[in-house]
Amino acid sequence: MDFVQNFPFISIILTLFSGPLCSVLNGKQARRVNTAVIVADGILSFLVLGYVTAAGQPFVYRMGHFSAPWGNEIRVGILEAFMAGFFCVIMLLCMLGGIREREVQIEEGKQNLYYVMVNLLLCSLLALIYTNDLFTAYVFVEINTISACGLIMIRQTGRTFEAATRYMIMSLLGSGLLLLGICYLYAVTGHLLMSNIREQVRVISATGQYHISLMVALGLMSVGLAIKSALYPFHAWLPDAYGYSTLSSSAILSSLVSKGYIFLLIKIFYRVIGFDVVWESKVVNVLFVFGIAGMIMGSLSAMKESNLRRMIAYSSVAQIGYIYMGLGLATEAGSVASIYHVLSHAATKSLLFVAASGLADASGGSDRFRDITGAGLRNKLAGIAFMAGSLSMVGMPMFSGFISKLFFAQAAVGHAHKMFPTFIALAISTILNAVYFMKTVIRIYTPMQKKEGVEGEAETGRAEGRSIPIWEQPVKSAALICFIVLNLMLGLNSDPLIRLIQSGIEMFD
Amino acid sequence: MDSLLLIPVLLPVLGGILLLVSSFREHRRTEGKRIFAGGGQGLPVYVCTVLGFSAVAALGLAWTGERTVTLFTLLDAIPVYFHIDATGRLFVTVVSVIWMVTAVYSFVYMRHEGEEKRFYGFYLMVYGVLVGFDFSGNLVTMYLFYELTTLVSMPLVLHNGSREAIMAALKYLFYSMCGAYGGLFGIFFLYRYCDSLNFAPGGTLSLAAVQGHEGILLTAIFVMLIGFGTKAGMLPLHAWLPTAHPVAPSPASAVLSAVIVKSGILAVIRVVYYIVGPDFLRGTWVQRIWMILALLTIFMGSMLAFREPIFKKRLAYSTVSQVSYIMFGLWLLTVDAFSGALLHVAAHAVVKCGLFLTAGVFLYGFGATRVEELVGIGKKIPKTMWCYLIFGLALVGIPPTCGFVSKWYLAQGALQSTVGIFSWLGPVVLLVSALLTAGYLLPVALKGFFPGEASDLAGKEDALRKVPGSEEGDVFAEDSPEAERLSGMEQKSENEHVSGEAVTESEQVRVKEPAHSMLIPLMILAVLAVLLGVFPGPLIQYVSDIGKMVLQGTIAG
């Protein structure tokens, strides 16, 4: 066994133990530890990626060398390693982008707790990506939920308590359904390890036994994870949670947490139930319909928002809809498009959140639309970044959004029943995206009209804007630039990535 | 590989961005309008240099052989690359000429609009993007630049920042995005059914792949053409045009109408003649519906223009109608009609640019937005009005102007074609529309030169001066700083007065021609409109060669 094969386990355990360590450090030290851990995880993941690519096949890592029915396993293919590395990169950029907000918004003395949560969150994400055991996945889903609640709640305002409570309730409902599904599956197959369940499912579906139980289990797990990743109509917790929590929290929640669940669902489809069974079931149709509903309703809700961050949050609902629509197409091309969109959306949405906070900085900390008028002129980099993110969302070629739309459409072309619904939904959603994102871009580049004399002062509550040069917050600026570059890279260099995803999916088997 | 091709695309874009972020001094005048100052001519010189150099590069590269450059590959099968061919060459020439002429015109004009830095920044960028659009070698590159055209030309529409302008710009954006998505929808399909998305005369459709899927492919092509037709103001999605044109500054509406609208035409040409191939479409329902839509648009645009009292809006409706002439010509799928369509691209660009610039003179000098206000204007700006008359005649299609030649070919193409009822219905609609065009353009010139007894010109002018609420009322207020910049006009009129050329009978009517830099572009365009009509030979030869190449597959020597 090569030493590299230990890396996935090391990265999980490293993050897991750095969490408690952060609780005894002060804020600044905890931040350093956290950054170091994320960087180390990223490096480890990319090393693993290199190893798996070179080997050309996935490897299984048995914990403590206990073999199958009793032991716990980690299984790493190309896609898992890449996802882990990519998540670390996004996580790092989100953390860097939100440094100043955290210092301001989180109480003194609780700073280090934030890093505890972030470390646990990263740990659970990595575990969700790597694990080959369904029950372990469930355990880390719960850890993920708890730490995500902490991330929302740590900025202590009334809104965030409410949001966290809502998130908690919805999330626990989701985990409950997931657990129920796992129980059914265990009862039917007698296994918890993904590979073993897969074998049993093959046998069962060949004989036609337990068909209903299997479908119930699949349905429960799909709905559970759909709730947790905010598929419309289970998205009610999302706008508040993303809109009011501190910047890094919303960026991480929107770009990583929901994606972790989606990745788990994809793994369940491919590695647990088996895509042949899933594609034949009606569950994918349900996901397809709700995905399409999400694409349109999310955009409609986003149009109505008067608050920039909540608008971006609602746009997440629409983007999650895209991903589920791709899964719902029930073809390999659809899954590839969905996974690509997971990456694309993770990069774009966190960019938008960080850019939005930059715009808010230039508008006296307010992110209401009337206050951010002209903010793109006051904070130039944030303006450019927001525009880049918007163009990606709208689907301009050269940005990642275009490529994912192209792949969704390609996956849908020739599909017997789902082609036209997909195209129509893509059309409506693209146009709605264009309307609300371009409207915002125009607004941030419209100079603020100077109200004269008394009237201007009488209008109370209007935040005072100031211009922010690029070098005032060097870390955030660097994060923004990295995000833009990442987006362009995804958009311009998508071919190798697509091949990687395809070979990763092949390795699921 | 010929990396030089990047120069005319990137140079204006970078130049525009540089201008936007630069700190060219703008200072605030008392009435709150930002006016480029500094005594120097920094901004015009800069814009002229960048634009001139790019235009020379664009034309020089375009007319010296076929060139190809691959920028990068989006996907393995989809490179983003430029390739110059005969059609692109024609379009890039039209774009460059119009762009240069309008730039010269707008240096004086834009002073009263203010925010010139922003205007020229985007003006330069749109030029670069349009050149990229014309040079595009495949469908995805074209789509990329099509979207970019919308995005960078939008700030030209919302220039004055009023609520009305922003709503118009959003409407423009919304329509264009809808259209662009229609185009993208088609691209998704064609990606599957074509050998490649690279433009090739006669099309790249893979007949084997299409076998059995004709119905769905035709639907996709139809949606795609509706989408690209949006930019060209085709019937179902034309409504942005009459909204966006009147609120944009006149030079912006001029280029919008003369050139940017044509990008929809080029997109349709590319799809029909270079990707799908005319043979696949001949005789299908798509062709029939398109002809009906085009003829309806021609008629409806003319009618709406006829009864529209706001001058710029009238011109916008006229664009709707005229551009559909081109569409009609393209859809006849014969060599003559195709030639007529391309000739009309050039003719309409020159003429409509000229008309909008004339409208700018009315607006700038007299604050006249409505047609009634133009009565007697010919006495005050005779040279401008003569130019207007030439443009009007050209648009109606009276020899020896350029409109005659293009319409002649369109009608001939229609009569020769085998499209049933359309081969005679087309020319009839063209004739009716020409009559309507005469009806909405020529009376302005007529009333302008011969106002009749009732009109009291001196009184009208005074009234205009004193109307405080009128949009451009301050232009004539002697004590406002605006008056200073008009001094050029005033002096000129005095000179003419002394020399006794222009004003002989009505001493009280002062001749107030606009500044030279506004008048000369108009004259150039007028001369072009006549020249294209008198010596159309080389151009006809050129476009019919393209027509033969794309329709018959033969390259004439």
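In what follows, every chain begins at residue 1, and chains take the letters A, B, ... in the order their sequences are listed. Model, not experiment: these values are computed from the prediction.
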**Request:** Tell me, out of A/Leu426, A/Val394, A/Val435, A/Ile498, who's got the most heavy-atom pairs with chain B below 4.5 Å.
**Result:** A/Leu426
**Request:** Could you tell me which portion of A/Ser494 (side chain, backbone, both or neither) has an atom closer than 4.5 angstrom to a non-hydrogen atom of chain B?
**Result:** both
**Request:** Please flag which part of A/Ile428 lies under 4.5 Å from any non-hydrogen atom of chain B: side chain, backbone, both or neither.
**Result:** neither
**Asked** Is the count of non-hydrogen atoms from other residues, nucleotides or ligands lying under 6.0 Å from B/Glu214 atom CD greater than 12?
**Response** yes
**Request:** Output the distance between atom CZ (B/Arg118) and atom OH (A/Tyr445), rounded to the nearest 0.5 Å.
**Result:** 12.5 Å
**Complete:** If one checks every heavy atom of A/Met419 against chain B at 4.5 Å, the contacting part turns out to be side chain
**Request:** Heavy-atom distances under 4.5 Å only: say whether B/Leu184 touches chain A with side chain, backbone, both or neither.
**Result:** side chain
**Request:** Verify the neighbour count for atom NZ of A/Lys439: are there more than 12 heavy atoms of other residues, nucleotides or ligands below 6.0 Å?
**Result:** yes
**Request:** Could you look at A/Arg443 and say if it's the side chain, the backbone, both or neither that has a heavy atom under 4.5 Å from chain B?
**Result:** neither
**Complete:** If one checks every heavy atom of B/Leu144 against chain A at 4.5 Å, the contacting part turns out to be both
**Message:** Which atoms of B/Phe188 are under 4.5 Å from chain A, going by heavy atoms: the side chain, the backbone, both sets, or neither?
**Reply:** both
**Complete:** All heavy atoms of A/Gly395 vs all of B/Tyr143, minimum pair found to be O-OH, 4.2 Å
**Heavy-atom proximity to chain B below 4.5 Å, by part of A/Phe420** = side chain
**Request:** Please assess A/Leu406 against B/Val140 for the test side chain to side chain contact (heavy atoms under 4.5 Å, CB included), listing each intermediate value before the final yes or no.
**Result:** CA-CA 11 Å; A/Leu406 185 69; B/Val140 173; over 6 Å; no
**Complete:** dist B/Leu151:CG -> A/Met387:CE (nearest 0.5 Å) comes out at 8.5 Å
**Request:** Sort A/Phe408 into side chain, backbone, both or neither according to what part of it lies under 4.5 angstrom from a heavy atom of chain B.
**Result:** neither
**Asked** How are the rings of B/Phe185 and A/Phe423 set relative to one another: parallel (under 30°), tilted (30 to 60°) or perpendicular (over 60°)?
**Response** perpendicular
**Complete:** Value for OG1 (B/Thr150) from CE (A/Met396), rounded to nearest 0.5 Å, stands at 7.5 Å
**Item:** Inter-residue atom distance A/Ile442.CD1 - B/Ile166.CD1, 0.5 Å rounding
**Value:** 7.0 Å
**Request:** Give the minimum heavy-atom separation between A/Ala434 and B/Leu173, together with the two atoms involved.
**Result:** O-CD2, 4.3 Å
